[in-house]
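First up is the structure itself, then whatever we jot down about it.
Both counts, for ligands and for their atoms, begin at 1 and track the order of listing. Small disclaimer: the values here were computed from a predicted structure and weren't measured.
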Amino acid sequence: MPTGLPHRVADLSLAAFGRREIALAEDEMPGLMAVRAEYAATRPLEGARITGSLHMTVQTAVLIETLVALGAQVRWASCNIFSTQDHAAAAVVAGPHGTAEDPQGVPVFAWKGETLEEYWWAADMALTWPDGLGPNMLLDDGGDATMLVHKGVEFEKAGRVPEPSTEDSEEYAAFLELLRSTAAAHPGKWTELAGRIRGVTEETTTGVHRLYRMDGAGELLFPAINVNDAVTKSKFDNRYGIRHSLIDGINRGTDVLIGGKVAVVCGYGDVGKGCAESLRGQGARVVVVEIDPICALQAAMDGFQVTTLEEIAGTGDIFVTATGNIGVITVETLSRMKHHAIVGNIGHFDNEIDMAGLAAVPGIVRTTVKPQVDEWRFPDGHAVIVLSEGRLLNLGNATGHPSFVMSNSFTNQVIAQIELFTRPEAYPVGVHTLAKRLDEKVARLHLDALGVKLSTLTPEQAEYLGVPVEGPYKPEHYRY
Ligand code: NAI
């Protein structure tokens, strides 16, 4: 490390390039920039020490610098081994006022193509503040930072870190290894750290599932805000963001013509809906696989064929998993696919496609075509193409969602951080969602940029509907 600012990124000399893209992104992120202007004087995050674990992209750089502008100290790691944009990471370390030679920004521990051991090392570094105090806020995507702290505390209570079993994934084995080394070097580290954390704001569906499960089991150690289920997050990022970034990933990975192909989308939740729409937009014949009768019916009414994976395995040209569930595409399914069928996942974790099973097929040959694109040739000669080793392909093969949609998600993140940090009494231990008036505020901040002219209720109309003229307009149970 050449400087006093702790960091580990691929190449600090990329900072100037990163800064130019951050400047463009700022123009496309009106929500975040409005929040910066609104809180420039009051700096509500003064005293906040935020550890972030979220894809280190250009858009995340604008989020990080917004948190800093509001007074926070920040340390960052990515939440995926392939999702970091190295120029963005370098620019955040350099900072808006520093340079690659004289970095004055934020400590970032992230680069594209981390090993699993490096991934957990980086998460630990983001959680380990130099003065030993640790963070007092977490900003998480997928729940890995939250899990690290919770499992650390659990194992400290038990007095030992378990040995990985043969059932455990490589990733979990690397995670246990990290906890073993921290237990040896800093006994009691996680309990101490957890005690100082006021709360976590969680970005995605999968992380939110983990939080509700921990809360249900009485294991949650601090309050959490579920950012994902803000309407202006999940109904926008998960859907319209995916509509943009799914085909971006497929195109950059394979450059195969999508029109006319049979594209199979597993899962028709918010993300699956965005996938199906974008593939149809390219002229693919889209087939949906679902387990929930409501989502299956929605897919059918939206005009998609709905069938089982067993049925469509031999016909599909492109397969995308978007379920947030495990073992959706099995080795047996992969083995029945057409020659050079393209297979990718866009759900948060890499367990939707059985990659370990694929690697274990006797006689299978893996050829890396280019980074994050592998051909897996079965002994009978036919092959499938797997994107990003089964990790989320929009961030592995492309650059994730574009700035404008991430402005919605990240404005919710900033508001959630302010809420948890400044009004802890309003958020006891448990999982909370943001108030609807805040959701409507996030949407409002994005209307002008699109030239949207909003109509206003008359007092009579407001009275008739039983809502205030200035909102909120919908009851909590409204589904949009
Ligand atoms: P969701 O819960 O709205 O949708 C998932 C759908 O998958 C549900 O309708 C469910 O019934 C279905 N499903 C579950 N098991 C299935 C199976 N075995 N076969 C077929 N369908 C099945 O969740 P959402 O918000 O759509 O998120 C999905 C995943 O995408 C999560 O892991 C989430 O964290 C992730 N995500 C990824 C993003 C990215 O940029 N790559 C952005 C936002 C979310």
Side-chain angles (χ1 to χ4, degrees), residues 53-55 57 59-60 78-80 82-83 85 140-144 202-212 226-250 264-278 287-300 302 304 306-313 319-330 333 344-354 387-388 390-402 405-406 408-410 412-413 479-480:
S53 166
L54 191 149
H55 309 292
T57 64
Q59 292 69 33
T60 303
S78 188
C79 62
N80 185 280
F82 291 141
S83 64
Q85 291 161 19
D140 216 353
D141 182 348
D144 275 356
E202 169 56 52
E203 174 80 3
T204 198
T205 317
T206 287
V208 161
H209 280 167
R210 282 176 157 185
L211 286 171
Y212 282 112
N226 163 1
V227 170
N228 182 68
D229 287 294
V231 179
T232 47
K233 198 283 180 181
S234 51
K235 297 292 171 188
F236 289 80
D237 166 325
N238 301 26
R239 183 168 185 174
Y240 306 121
I242 290 284
R243 186 176 69 180
H244 173 105
S245 63
L246 168 73
I247 56 162
D248 193 9
I250 296 174
V264 181
V265 175
C266 302
Y268 200 67
D270 291 320
V271 170
K273 288 178 175 77
C275 292
E277 198 181 340
S278 71
V287 179
V288 168
V289 176
E290 250 297 344
I291 50 93
D292 179 332
I294 297 176
C295 299
L297 188 59
Q298 278 183 314
D302 285 338
F304 300 112
V306 183
T307 189
T308 62
L309 206 44
E310 295 72 47
E311 190 94 12
I312 199 71
F319 293 81
V320 180
T321 52
T323 68
N325 201 352
I326 57 163
V328 175
I329 296 189
T330 61
T333 309
N345 164 52
I346 202 152
H348 189 80
F349 283 123
D350 64 336
N351 49 11
E352 303 205 21
I353 303 168
D354 183 5
L387 302 178
S388 287
R391 296 170 195 277
L392 27 74
L393 75 93
N394 59 332
L395 282 139
N397 295 86
T399 49
H401 298 350
V405 86
M406 293 315 294
N408 287 267
S409 307
F410 289 165
N412 280 299
Q413 275 288 2
R479 294 190 178 93
Y480 295 87

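Which of His209, Lys273, Glu290 comes nearest to atom 10 (C) of ligand 1 through a heavy atom is settled by distance: it is Glu290. The option with the heavy atom closest to atom 43 (C) of ligand 1, from among Ile346, Asn238, Asp141, is Asn238.
When all heavy atoms are compared, the tightest approach of Val328 to Cys266 is CG1-CB, 3.9 Å. Here the closest non-hydrogen pair linking Gly347 and Asn345 is N-OD1, 2.8 Å. The two residues Gly344 and Leu387 come nearest to each other via the heavy atoms CA-CB, 4.5 Å. Across all their heavy atoms, Phe319 and Ile312 have their closest contact at CZ-O, 4.0 Å.
Counting heavy atoms under 4.0 Å from ligand 1, residue Thr206 touches it through both backbone and side chain.
By the 3.5 Å distance cut-off applied to N or O atoms, Val271 is counted among the residues near ligand 1. Inclusion of Thr204 in the set of residues having an N or O under 3.5 Å from an N or O of ligand 1 is warranted. Considering backbone and side-chain N/O of His348, one or more are found under 3.5 Å from N/O of ligand 1.
Using the six-membered ring where Trp is involved, His348 and His55 have ring planes that are tilted, between 30° and 60° apart.
Not a single heavy atom of Ser234 lies less than 4.0 angstrom from ligand 1. Note on ligand 1: Ala322 sits in its first shell, one or more heavy atoms being nearer than 4.0 Å. Residue contact check for ligand 1: Ile242 places a non-hydrogen atom closer than 4.0 Å to it.
Taking a 6.0 Å sphere around CG of Leu297, one finds it holds more than 12 heavy atoms contributed by other residues, nucleotides or ligands.
The protein non-hydrogen atom at the shortest distance from atom 5 (C) of ligand 1 is Thr323 O, 3.6 Å. In terms of protein heavy-atom proximity, atom 30 (O) of ligand 1 is nearest to Gly347 CA, 3.4 Å. Nearest non-hydrogen protein atom to atom 20 (C) of ligand 1 is Val289 O, 3.5 Å. When hydrogens are left out, the protein atom nearest atom 17 (C) of ligand 1 is Ile291 CG2, 3.7 Å; that is the closest non-hydrogen contact. Scanning all protein heavy atoms for the shortest distance to atom 15 (N) of ligand 1 gives Asn325 ND2, 3.0 Å. Residue, atom and distance of the protein heavy atom nearest to atom 24 (P) of ligand 1 are Thr205 OG1, 3.6 Å. Among protein heavy atoms, the minimum distance from atom 4 (O) of ligand 1 is reached at Gly269 CA, 3.3 Å.
Just one of Leu395, Leu246, Thr323, Val265 meets the side chain to side chain contact (heavy atoms under 4.5 Å, CB included) condition when paired with Ile346; it is Leu246. Of the listed residues (Asn397, Asp350, Asn351), just one forms a side-chain hydrogen bond (donor to acceptor under 3.5 Å, both in side chains) with Arg391, and that residue is Asp350.
In this structure, Ser278 and His244 have side chains that are not in contact, with every pair of non-hydrogen atoms separated by 4.5 Å or more.
Of the possible polar contacts, one joining the Thr308 side chain to the Glu311 backbone as a donor-acceptor pair under 3.5 Å is found.
Taking every non-hydrogen atom of Asn394 and a distance limit under 4.0 Å, the qualifying atoms of ligand 1 come out as 39 (C), 40 (O), 41 (N). The Cys295 neighbourhood of ligand 1 comprises atoms 9 (O), with distances under 4.0 Å to a heavy atom of that residue. Ligand-side atoms of ligand 1 in range of His401: 40 (O), 42 (C), range being under 4.0 angstrom from any heavy atom. Within ligand 1, the atoms closer than 4.0 Å to a non-hydrogen atom of Asp237 are 42 (C), 43 (C), numbered from 1 in the order shown. Per-residue contacts place Asp292 under 4.0 angstrom from the following atoms of ligand 1 (heavy atoms of the residue considered): 11 (O). Short contacts between ligand 1 and Asp270, defined as distances under 4.0 Å to a heavy atom of the residue, involve ligand atoms 3 (O), 26 (O). Heavy-atom proximity to Leu392, at under 4.0 Å, picks out these atoms of ligand 1: 41 (N).
Asn228 and Asn238 share a donor-acceptor pair across their side chains, judged by distance under 3.5 Å alone.
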(request) Go through Thr399 and Thr57 one step at a time and tell me if the side chain to side chain contact (heavy atoms under 4.5 Å, CB included) criterion holds. (result) CA-CA 7 Å; Thr399 49; Thr57 64; over 6 Å; no
(message) Test side chain to side chain contact (heavy atoms under 4.5 Å, CB included) on Tyr268 and Val306; report intermediate values, then the result.
(response) CA-CA 10 Å; Tyr268 200 67; Val306 183; over 6 Å; no
(message) Apply side chain to side chain contact (heavy atoms under 4.5 Å, CB included) to residues Glu277 and Arg239 and explain how you reach the verdict.
(response) CA-CA 9 Å; Glu277 198 181 340; Arg239 183 168 185 174; 3.4 Å; yes
